[in-house]
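Structure first, then comments.
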Amino acid sequence: MKKVIFFLMLLSFKLFGAIGASTTRVYEKREIVGGRTQNLIISTSKISLSGLGGISKLSYDFGRLGEENFINVLNNSRTESLRVKSIEINSLTANIDRDRKEISNFNGNFDLWVVAIVEVRADQTLSGLYRSPNLSLNVIGDKNNHNDKIKIDIDLEISVLKSLKIKTTPMNFGRGIQGERMSTTNATHGILEVEAEPDKNIVVSYTREVEIRNRSKDGVLKVIVTTPSLETIADDEYRGRIGSNGRSEIVFRGDIIDTKNSPPGDYTGELVIKVRYD
């Protein structure tokens, strides 16, 4: 009688799921004032990577960044005044080797975000909405003996506002009599003309009380300054709005309440005004 011998071989293996990402597209938009050289730092929202069990190291790249210049959305033309200067990733839960373009020391999953530095040149013609060239983050890992790859598209938009241009007309009280109240209502109000991006809010800052002095410096008058067309939003800060034509004219009214103790003479002074986008 023949003997038949059976061998039982037990195989044990782990099969991990595919690499996953919380999103396949990130979008960020920033608003800047043009007309000056600057480096704009744009950080994206958090991106979570998962399904990394069995992987000790990942590699990454940003594809072929062949064209760095931003594109004008209105006419689809590229501008040399806005370009991607550098782009990288950051993480608080993994180590990033930027020279080798490698990610390590994560435990099954981790979070990252992309940081791009955009170079803005001092171009007075730069205005409107611009979008970034084609950007993407590729993350690759050796998964179940084959490369598993995640691609995340990165869309950046920059709205460039026109640089502010201002022009002033001096406030003039005319002639007055000692002891009487004086006002620019009876002479010439101060005027601030602002040229800026149409239909945008601006903030005008100035001190509500200023002093003017005569030439011999022995006489001082206190001027109360008001801007009836502006909305008060904080101490010495007022909000206005640029018209649809890109212009705004702001009237500065001045009142001198008490002149009885001030000697006769010609009085002059300075009102410092600051303007910015809201």
Side-chain angles (χ1 to χ4, degrees), residues 30-38 40 120 122-129 158-278:
R30 298 293 185 272
E31 191 174 75
I32 64 170
V33 179
R36 64 185 180 90
T37 299
Q38 55 188 299
L40 176 64
V120 185
D123 183 351
Q124 295 293 337
T125 67
L126 199 64
S127 179
L129 183 63
I158 299 176
S159 178
V160 183
L161 304 180
K162 292 175 59 176
S163 57
L164 295 164
K165 296 180 181 179
I166 61 173
K167 178 183 177 182
T168 59
T169 300
M171 185 184 295
N172 191 335
F173 289 90
R175 294 180 179 273
I177 298 175
Q178 187 180 33
E180 292 185 354
R181 177 172 176 165
M182 299 180 67
S183 175
T184 55
T185 302
N186 303 318
T188 306
H189 293 309
I191 303 293
L192 173 68
E193 298 176 61
V194 184
E195 183 180 337
E197 196 73 24
D199 300 317
K200 288 290 183 180
N201 289 337
I202 56 171
V203 174
V204 180
S205 304
Y206 65 89
T207 302
R208 192 169 180 269
E209 294 186 4
V210 294
E211 292 181 345
I212 57 176
R213 297 176 180 273
N214 61 7
R215 292 180 179 177
S216 61
K217 307 300 182 183
D218 61 348
V220 179
L221 292 172
K222 182 183 292 185
V223 179
I224 308 299
V225 182
T226 55
T227 45
S229 65
L230 301 182
E231 172 194 1
T232 302
I233 57 175
D235 289 343
D236 297 337
E237 287 198 344
Y238 309 87
R239 180 183 288 121
R241 188 165 179 83
I242 302 297
S244 58
N245 62 350
R247 298 177 181 274
S248 179
E249 185 176 284
I250 301 167
V251 174
F252 281 73
R253 172 177 169 167
D255 290 283
I256 301 174
I257 308 300
D258 185 7
T259 63
K260 62 179 180 296
N261 294 322
S262 300
D266 294 329
Y267 287 73
T268 59
E270 183 180 77
L271 174 64
V272 178
I273 304 170
K274 298 180 181 179
V275 185
R276 62 176 172 83
Y277 283 106
D278 192 359

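L126 places a side-chain heavy atom less than 4.5 Å from the side chain of V120. The shortest side-chain heavy-atom distance between P263 and D218 falls under the 4.5 Å cut-off. Counting heavy atoms from C-beta outward, L192 and I166 have side chains that approach closer than 4.5 Å. Inter-residue side-chain proximity for V204 and F252 is flagged as met; some heavy-atom pair is nearer than 4.5 Å. Proximity of D236 to Y206: side-chain heavy atoms (C-beta onward) are nowhere separated by under 4.5 Å. R253 has its side chain out of reach of T227: every pair of non-hydrogen atoms, C-beta onward, lies at least 4.5 Å apart. Using a 4.5 Å cut-off on side-chain heavy atoms (C-beta onward), V225 and L271 make contact. With contacts defined as side-chain heavy-atom distances shorter than 4.5 Å, the pair V220/I212 does not qualify.
Here the CG-CZ distance, from D123 to R36, works out to 14.0 Å after rounding to the nearest 0.5 Å. Rounding to the nearest 0.5 Å places OG1 of T169 at 12.5 Å from NE2 of H189. Put simply, NZ on K162 and CD1 on I242 are 9.5 Å apart, with the number rounded to the nearest 0.5 Å. The CG atom of L164 sits 4.5 Å away from atom OH of Y277, with the distance rounded to the nearest 0.5 Å. For the atom pair T184 OG1 and F173 CZ, the distance stands at 5.5 Å (nearest 0.5 Å). Atom CD1 of I224 sits about 9.5 Å away from atom CD1 of I256, to the nearest 0.5 Å.
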Next on the checklist: side chain to side chain contact (heavy atoms under 4.5 Å, CB included) for K222 and D258? Distances and angles first, verdict last.
Outcome noted: CA-CA 8 Å; K222 182 183 292 185; D258 185 7; over 6 Å; no
Item to check | Verdict with reasoning, T226 to R208, per side chain to side chain contact (heavy atoms under 4.5 Å, CB included) | outcome: CA-CA 7 Å; T226 55; R208 192 169 180 269; 3.8 Å; yes
Item to check | Test salt bridge (Lys or Arg N to Asp or Glu O under 4.0 Å) applied to R213 and E270, step by step | outcome: CA-CA 10 Å; R213 297 176 180 273; E270 183 180 77; over 6 Å; no
Checklist entry - Stepwise, does the side chain to side chain contact (heavy atoms under 4.5 Å, CB included) test hold for Y267 with S262? => result CA-CA 10 Å; Y267 287 73; S262 300; 3.5 Å; yes
Checklist entry - Does the side chain to side chain contact (heavy atoms under 4.5 Å, CB included) test come out yes or no for I250 and I202, once each step is laid out? => result CA-CA 11 Å; I250 301 167; I202 56 171; 4.3 Å; yes
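The two residues P198 and S244 make their nearest non-hydrogen contact at CB-O, 3.5 Å. Pairing each heavy atom of A187 with each of G174, the nearest pair is CB-N, 3.8 Å. Of all the heavy atoms in Q124 and S163, the pair that sits closest is OE1-OG, 3.2 Å.
When E193, E195, E197 are each tested for a salt bridge (Lys or Arg N to Asp or Glu O under 4.0 Å) with R247, only one passes: E195.
Between R239 and E231 there is a salt bridge, with a side-chain nitrogen of the basic residue lying less than 4.0 Å from a carboxylate oxygen of the acidic one.
Side-chain contact, S205 with Y238: no donor N or O sits under 3.5 Å from an acceptor N or O.
In this structure, K274 has no salt bridge (Lys or Arg N to Asp or Glu O under 4.0 Å) partners at least two apart in sequence or on a different chain.
Judged by distance alone, with hydrogens and angles left aside, the side-chain atoms of S248 form no donor-acceptor pair with the main-chain N or O of V194 at under 3.5 Å.
Within the structure, the salt bridge (Lys or Arg N to Asp or Glu O under 4.0 Å) test picks out the following pairs touching residues 167-181 (sequence neighbours left out): R181-D255.
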